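Worksheet: the structure to be examined is printed underneath.
Residues: numbered from 1 along the sequence shown. Quantities reported herein were computed from a predicted structural model and do not represent experimental measurements.
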Amino acid sequence: MVVFMTFSRMTIGWTCGRCMFRTQMEFRRAVGNGVIISAEPRINEEIRVPQVRLIGPKGEQVGVIATSVALNLAREASLDLVEVAPNAKPPVAKLIDYGKYKYNEKIKAREARRNQSTAEIKEIRFRLKIDDHDFDVKKGHVERFLSGGDKVKVTIMLRGREQSRPIGGVELLRRLADEVSELGTIESQPRQEGRNIIMVLAPKGKKVHTQSEQRRRGASARAERQARQAARLAAKKEAQAEAAAEAHAELNKTSVKEHTQKEGSNAEDEK
């Protein structure tokens, strides 16, 4: 028998045919047979089994205790009771800070995605009769792709009678491979496919390592830039302090001069 289930976020609760469940926990219990629809583990009051095998916050084995007792221990420690092995007999639960746990899992997943960067295949097209300047420009693109950790598919496009003498295209591709040998190696030797001659170059370093090096260089450049900005700010503050000191000294000098002149005029008046 096939059961069609529909889920709607526009209504309050979960719908399954003609049934309505007020919470996700009720829906998972109603499914039965130990099948958990949600990928999230059950926590705190969602754990409905009478007993659990409890693991402490530091990994210590507490033993099999009643779920209600485990919940009380979690409340006293300001932690969450998380079911980590629901299929065990009895299920295994652990006392952890679930919010902090989810944050750490998100950070780990982000790092894993960053380290799983796969090399892309870039493509460069040549004509058999290419001048030296255009060849150097194309070679620059190939070097940039290889230094970025990507593979490069180099294609020589043949026209007319060039198809009967592909040796010139093979020689051109080998020349290119020799000139970029410091950055990449030949993964697929030159071969003719219809009107084209194709060769694939692979970078010598993995893209993950290349990206890590680029991030390291970027961090170093940012640190140098921040140091320069801090030095300029310090020099500016020092110049402002010197200007303020000079202005204060000039003001004092002017005040002393005015006071001296005032005393002189008073002495003349007394005479």
Side-chain angles (χ1 to χ4, degrees), residues 7 38-40 101-236:
F7 304 93
S38 175
E40 299 293 329
Y101 167 79
K102 290 294 293 180
Y103 175 77
N104 291 335
E105 288 296 315
K106 186 183 295 184
I107 296 298
K108 290 179 182 178
R110 185 185 305 166
E111 291 295 328
R113 288 194 300 269
R114 180 180 298 173
N115 294 331
Q116 286 178 353
S117 298
T118 57
E120 299 180 5
I121 297 181
K122 308 292 186 178
E123 185 173 4
I124 293 291
R125 294 177 177 268
F126 286 81
R127 290 292 184 185
L128 185 58
K129 297 178 181 179
I130 184 172
D131 59 27
D132 293 337
H133 174 72
D134 291 340
F135 179 84
D136 292 337
V137 172
K138 299 281 188 177
K139 185 183 71 173
H141 293 321
V142 173
E143 290 175 341
R144 177 164 54 86
F145 294 147
L146 291 175
S147 62
D150 295 316
K151 295 182 180 181
V152 182
K153 178 182 177 182
V154 187
T155 303
I156 300 293
M157 298 177 290
L158 304 177
R159 295 184 298 181
R161 295 182 180 180
E162 295 175 349
Q163 301 177 42
S164 61
R165 297 183 59 84
I167 188 64
V170 174
E171 292 176 353
L172 183 61
L173 291 177
R174 293 193 182 278
R175 172 190 168 190
L176 175 66
D178 291 339
E179 295 190 10
V180 299
S181 58
E182 294 183 359
L183 299 174
T185 58
I186 298 177
E187 182 180 86
S188 177
Q189 294 293 335
R191 67 184 186 277
Q192 186 172 2
E193 293 184 359
R195 297 184 178 182
N196 299 327
I197 302 176
I198 297 173
M199 178 184 68
V200 178
L201 298 173
K204 288 188 174 180
K206 291 185 178 180
K207 189 168 186 177
V208 173
H209 299 161
T210 303
Q211 291 177 340
S212 299
E213 180 65 19
Q214 291 174 349
R215 286 193 293 270
R216 187 190 64 79
R217 290 197 299 265
S220 177
R222 284 194 298 272
E224 293 178 359
R225 186 166 59 251
Q226 291 173 357
R228 289 195 299 269
Q229 291 175 352
R232 286 197 297 267
L233 183 61
K236 183 178 180 181

Next item on the list: Count the heavy atoms of every other residue, nucleotide or ligand shown that sit under 6.0 Å from CZ of R195, and state whether that count exceeds 12.
Entry: no
Check: CD/E171 to CD1/I167 distance, rounded to the nearest 0.5 angstrom?
Finding: 5.0 Å
Next item on the list: Rounded to the nearest 0.5 Å, what's the gap from CD on E182 to OG on S147? Could you check?
Entry: 12.0 Å
Next item on the list: Would you confirm whether K204, through its side chain, and L146, through its main-chain N or O, come within 3.5 Å as a donor-acceptor pair?
Entry: no
Note to self: Give me the atom names and distance for the closest heavy-atom approach of L173 to I198.
What the structure shows: CD1-C, 4.3 Å
Note to self: I need the L172 CG to R127 CZ distance, nearest 0.5 Å.
What the structure shows: 13.0 Å
Checklist line | Note, R175 side chain near K139 side chain (heavy atom, < 4.5 Å) | finding: no
Notebook entry, point to check: Is the shortest heavy-atom distance from the side chain of F135 to the side chain of L176 under 4.5 Å?
Noted result: yes
Next item on the list: Check the surroundings of atom CZ in R161: do more than 12 heavy atoms from other residues, nucleotides or ligands lie under 6.0 Å from it?
Entry: no
Note to self: Is it the case that atom OH in Y101 sees more than 12 heavy atoms from other parts of the structure closer than 6.0 Å?
What the structure shows: no
Check: What is the distance from atom NE2 of H141 to atom NZ of K122, rounded to the nearest 0.5 Å?
Finding: 12.5 Å
Next item on the list: Taking all heavy atoms of E143 and all of E179, pick out the closest pair and write down the distance.
Entry: OE2-O, 4.1 Å
Donor-acceptor contacts under 3.5 Å from residues 184-191 side chains, at least two apart:
residue	atom	partner	partner atom	Å
E187	OE1	K151	NZ	3.3
E187	OE2	K151	NZ	2.9
S188	OG	R191	NH1	2.6
Q189	OE1	R174	NH1	3.3
R191	NE	E193	OE2	2.8
R191	NH2	E193	OE2	3.0

Note to self: Side chains of F145 and L201, heavy atoms from C-beta outward: is any pair under 4.5 Å?
What the structure shows: no
Checklist line | Rounded distance (nearest 0.5 Å) linking atom CD of Q229 with atom CZ of R225 | finding: 7.0 Å
Next item on the list: Taking side-chain contact (heavy atoms from CB on, under 4.5 Å) as the test, write out the residues that go with L128, two or more places apart.
Entry: I156, L158, E162
